[in-house]
Amino acid sequence: MAFSFIEIEKEKSRVIFFAFIFIILAYFFTAYLILLVAENFFNIYYLKGPRPLFFHPPVGHVYLVLVAAFLLAAIHWYFSTTNLIVKLCSLIGADPIDPKDTYHQYFRNIVDEVSVATGGRSITPMVIRSSYMNAFALEDFNGQAIIGVTEGLLARLNRAQIEAVVGHEAGHIASGDCLNTTVLCSLAEIYEAGLSRAGSGFQNTKGKNIALLISVFLVLAIMELLSRILRCFLSRERELRADAVSVRLTRDPLSLAEALMLITRNWRGEGATGDSIQSIFIVNPRLDELDEQEGIFPDLFSTHPPARKRIDILLSMAHLDAKTLEDNLKNFRRVSPVAKPEFKPDIPAPAAKRWLILDDNKNWGGPFSLEELRKTPGLYPTQWIRPEGEDQAKMMYQEPELKALFDRQVQGQGACPYCKVGLEEVHYEGAIILKCAYCAGAFAESDKISRILIRQDYLPSQEVVRLGNSIISSNKRSYFKTPEDKNLIWVIDCPKCKNKMRRQFYLYSYPIEIDRCLGCSGIWFDKFELEILQYIYENKKDFYQGSDIKNT
Amino acid sequence: MLTIWFMLCVIFAAIAWFFVTFNVLVSLKIRVDNAWSQIDVQLKRRHDLIPNLVEAVKGYMAHEKDTLERVIKARTQAIDASSFKDKAQAENFLTQTLRSLFAVVERYPELKANQNVLKLQEELTSTENKIAFARQYYNDEAQRFNTKIQTVPSNIVAGMANMQSKVFFEIEDASQKEPPQVKF
């Protein structure tokens with residue numbers, strides 16, 4: 001059955017409207033039930049005289065309780081809806097984008113494009129710092145809207161697919177159900193917190209009062225279940241509708257189908273987020289069997305429609321069948337948005353290159369190695385030099401390795417702990433890290449490292465492969481050949497925050513010696529160590545001989 | 001007595017319906033105008049980005065001077081165009097020249113290693129996409145407006161207020177509609 005996207009959108013709006021009215025009614029129904037239960041217990045246990053079988057509370061009581069329930073709902077609403085986005089974002093670990101990161105800039109452009117397609121609604125992009133693949137949307141009462149993706153999704157989908165996913169999330173925002181979902185998720189949090197508190201209060205009461213507490217608890221639990229049902233009911237239809245809006249915006253059902261297929265084949269975040277936050281994601285982070293089934297029970301309790309159904313609807317629009325899509329995706333290889341590295345990891349050892357220096361008496365002295373020049377006093381940047389083996393003379397500042405000698409030799413902020421020269425900012429796998437032009441050491445903060453590990457743009461050089469394989473195949477630490485001076489330095493200073501750094505393995509399963517800062521948790525990598533860490537991360541299945549833990 | 005009340009209610013309902021429909025039509029018309037100006041915003045952004053890209057690639061592409069010159073000429077033409085028809089034609093021509101520039105850039109692998117060039121290329125691609133999306137949004141809104149003023153109940157109000165159908169943003173250049181000829 002081929003749906004046109006306009007028909008799907010129209011059909012779903014009615015359903016959502018009625019479901020939302022029902023939720024509001026449920027609040028009042030809860031209060032009424034509690035009143036009935038409480039009054040009946042009061043009568044049966046405390047009043048003397050003839051006891052009726054069922055006692056209906058006087059109308060005055062009912063009104064009082066309804067007003068109280070309304071007030072309670074208002075307070076609950078107020079506390080859930082202030083700082084809505086900040087609360088939920090900190091719960092799922094979403095951060096604003098890093099404006100210097102290539103991938104994040106790319107993502108921001110995609111979000112801007114989709115926002116133009118929706119007529120210019122402003123949307124803030126955010127990124128979750130994890131390797132699972134998923135995307136979410138949030139909106140609050142001030143009209144601020146957020147679309148977020150994970151680092152894993154940015155690193156593994158191509159532009160058209162990311163655009164389709166962002167279009168889906170923009171669909172949630174543009175049709176208004178994002179606000180509902182955000183508020184419901186926030187409300188449900190309080191419900192669950194209240195239930196757990198009632199559960200612990202349960203243990204302290206004794207005697208007849210337990211009966212009252214149990215009944216209240218049961219009623220609350222039933223209401224919570226009902227609200228969960230309604231939440232689910234909203235969600236299933238919404239997702240199909242957002243798929244339709246995505247196709248309307250991007251006119252590209254095939255990319256969305258590919259994106260859904262790739263996301264569902266990977267880790268989607270199971271174990272990383274809370275249960276009440278399921279609805280805001282494009283694919284349910286939890287692996288729920290119920291999601292893949294049809295029928296009344298799954299319709300009530302599942303937050304997302306079956307992925308198969310979604311993909312089939314999209315493929316019928318794209319006039320393709322599922323088998324061909326799977327075959328195409330087997331050969332899927334993303335084109336990286338970052339440039340090939342401007343520095344090569346295999347730079348020849350600095351000591352090998354030598355220069356002749358023209359001194360004040362117009363005599364050519366040398367050849368000197370970089371090491372020797374570093375120790376020579378009285379050099380200046382406009383001094384004439386000639387690289388060994390070449391005829392052309394040039395000034396010292398024109399040689400990048402020598403220019404580094406003249407960078408302000410400072411201790412602390414931004415200085416290489418070994419060479420004491422200034423570190424420069426370079427792009428590596430799209431993220432900004434600080435690199436020493438002299439010893440090829442690198443400094444990176446921990447969140448940048450997780451991005452670098454997730455992204456796989458650069459191929460390792462021969463040397464890195466050799467060293468990486470030697471670590472993987474041996475159970476002991478590997479010792480690298482280090483320049484002589486380094487052995488004398490045991491504790492180095494952090495280039496960023498001047499605290500001491502501690503030498504340790506990155507992780508026991510990745511036994512690479514690094515220096516970790518005790519203050520800002522940035523990491524200093526010596527030459528090659530970052531590349532080796534990446535290489536081992538990508539080839540770690542070799543660690544588990546005979547097991548089929550796959551690296552996706 | 002009752003019939004008079006009934007007729008008054010009917011008349012009030014009709015007047016209310018007229019007001020509501022007129023307001024809806026006016027809002028849709030304003031949305032269409034807004035969508036039109038959004039296209040202009042993206043076009044202007046493209047005009048501003050092009051000189052930077054040409055500067056960045058000029059050093060590497062010494063032999064491709066005519067491609068670069070065509071891009072610059074097309075850009076000047078697009079900025080100078082005044083009437084709607086001229087503007088649309090000039091912008092389509094600029095898109096074509098940019099496409100041929102990107103095709104040429106693909107042939108220079110050193111350019112791929114330059115982060116600056118890649119960044120500019122990404123910005124230009126993104127701006128092209130935004131222009132396309134802005135046009136798409138304009139067409140969607142124009143469609144919504146035209147449907148509303150031509151369908152039966154609201155076309156009465158539209159006729160009274162003298163509202164005209166909006167023109168869709170179509171491809172003017174007939175040659176763009178033909179499939180590209182492959183000649184060996």
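Heavy atoms only: backbone and side chains are in, while hydrogens, waters and symmetry mates are out. In what follows, chains carry the letters A, B, and so on, assigned in the order in which the sequence lines appear, proteins first and then strands, with residues in each chain numbered from 1.
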Next item on the list: Give a yes-or-no answer on whether the side chains of R46(B) and T95(B) include a donor-acceptor pair shorter than 3.5 Å.
Entry: yes

Margin query: Under 4.5 Å from any heavy atom of chain A, what part of A35(B) do you find: side chain, backbone, both or neither?
Written below: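 The answer is neither part of A35(B).
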
Notebook entry, point to check: Below 4.0 angstrom, N of the basic side chain to O of the carboxylate: do R159(A) and E122(B) qualify?
Noted result: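 E122(B) and R159(A): salt-bridged.
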
Checklist line | Salt bridge R451(A)-E151(A), side-chain N to carboxylate O under 4.0 Å | finding: yes

Next item on the list: Select, from Q121(B), E123(B), E141(B), the one with the greatest count of heavy-atom pairs under 4.5 Å involving chain A.
Entry: E123(B)

Notebook entry, point to check: Is chain B contacted by the side chain of T118(A), its backbone, both, or neither, given a heavy-atom distance below 4.5 Å?
Noted result: backbone

Notebook entry, point to check: Is there side-chain contact between V104(B) and L68(B), with at least one heavy-atom pair below 4.5 Å?
Noted result: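 No, too far: nothing below the 4.5 Å cut-off.
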
